[in-house]
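All values below come from the heavy atoms of this structure, side chains included, with hydrogens, waters and symmetry mates left out. Start at 1 and go down the list; that is how both ligands and their atoms are numbered.
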Amino acid sequence: GSARRCLRLEPGAAREVLGAADTLLFDCDGVLWRGDAAVAGAPAALSRLQARGKRLCYVTNNSSRTRDAYAEKLRRLGFPPAEPRQVFGSAHCAARYLRQALPPGAAAYVLGGPALGAELRAAGVPHLGPGPAALPGPGPADWARAPLDPAVRAVLVGFDEHFCYAKLCQALRYLQRGGPGCLLLGTNRDHLLPLEGGAAIPGTGCLVKAVEMAAEREAFIIGKPSRYIFDCVSSEFKIEPARTIMVGDRLDTDILMGNNCGLTTLLTLTGVTTLEEVKGHQESDCPSRKSLVPDYYVDSIADLLPALED
Ligand code: PLP
Ligand code: CA
């Protein structure tokens, strides 16, 4: 297709672009809310879109919440009622991947939090962890001799605030024992998690990289920009990429996935990205930077409201 130009979506153009779409995929943090506060006007915009018959889905790299928890958060913040099946979180999608990829009786060794465990349980995937590392002795030399579970045939790395050296050892040992027969999955590669007030903490990508470094192999990534998370949406709903809009605040995850999957991409500036960054990519000659440029942008998805008035 022709080069994406990151045009501001004014009400006239918005009417046209929204009119041509039957499905919108929303990234969550930075688009619908920031932390625990809804973006002003976002719940009204989504209510209008739903009233116009648009299908709304939620696509998030955050592996520390279940689909049910997202549906509940949407409700609590005043968004139109969503069913858990409209929510595609990297925890749910990782569980779905493992359910299909693991041989019968095989289990996953998991670095993550309780939500990842809950989604694996819901999908019927046997797993060890998440939770605190079970230390078999006082030091690394003991950990390297700890018993391994014979059923483990996959290592899954998600957001794990209790990530530690002992878990890294255990993950490596499963990968060494299983060789290529042991899957290595990461929920996402986000390098930082921005917090309110400009602070940031290390993201799941840092943990995935640690395991990749140890095992000298590359993880398969479930979340954005991987096509896998979009394939999950497509396998649950009948999606026509040309009639689907991906709305996100992050170029290297949301916008890249949308562009790679043939969707119309819409950047909102309520999250982590500035227009200056987009300009840098636009002006570059590097094709991989060009694929970070969205079709359109708005300051906030509340700017879609005028286009949705009768
Ligand atoms: N991972 C974690 C652990 C998070 O807390 C968040 C945002 O809150 C994300 C990833 C990014 O999520 P999203 O894809 O919805 O922006
Ligand atoms: Ca986001």
Assess Arg8 against Tyr296: is NZ or CZ under 6.0 Å from the centre of the six-membered ring, and within 45 degrees of the ring's axis? no
Checking Ser47 against Gln50: is there a side-chain donor and acceptor pair closer than 3.5 Å? no
If only atom types and distance count, is the side chain of Arg217 paired as donor or acceptor with the main-chain N or O of Gly179 below 3.5 Å? yes
Given 3.5 Å as the limit, does a donor-acceptor pair link the side chain of Arg55 with the main chain of Lys238, or not? yes
Identify whether the distance between the nearest side-chain nitrogen and carboxylate oxygen of Arg76 and Asp36 falls below 4.0 Å. yes
Under the side chain to side chain donor-acceptor pair (under 3.5 Å) test, residues paired with Glu119 that sit two or more places apart: none
Enumerate, atom names and distances included, each donor-acceptor pair closer than 3.5 Å involving a side-chain atom of residues 96-104, sequence neighbours excluded.
unit_1 : atom_1 : unit_2 : atom_2 : d
Arg96  : NH1    : Glu236 : OE1    : 3.2
Arg96  : NH2    : Ser235 : OG     : 2.5

What residues sit with at least one heavy atom under 4.0 Å from ligand 1? Asp27, Cys28, Asp29, Thr60, Asn61, Asn62, Ser64, Phe159, Asp190, Leu193, Lys224
Thr268-Asp249 side chain donor-acceptor pair, cut-off 3.5 Å: no
For the Ca ion (ligand 2), check which protein N, O or S atoms are under 3.0 Å away and list them. Asp27 OD2, Asp29 O, Asp249 OD1
Checking side-chain polar atoms at under 3.5 Å, does Thr265 have a donor or acceptor matched by the opposite partner on Asn259? yes
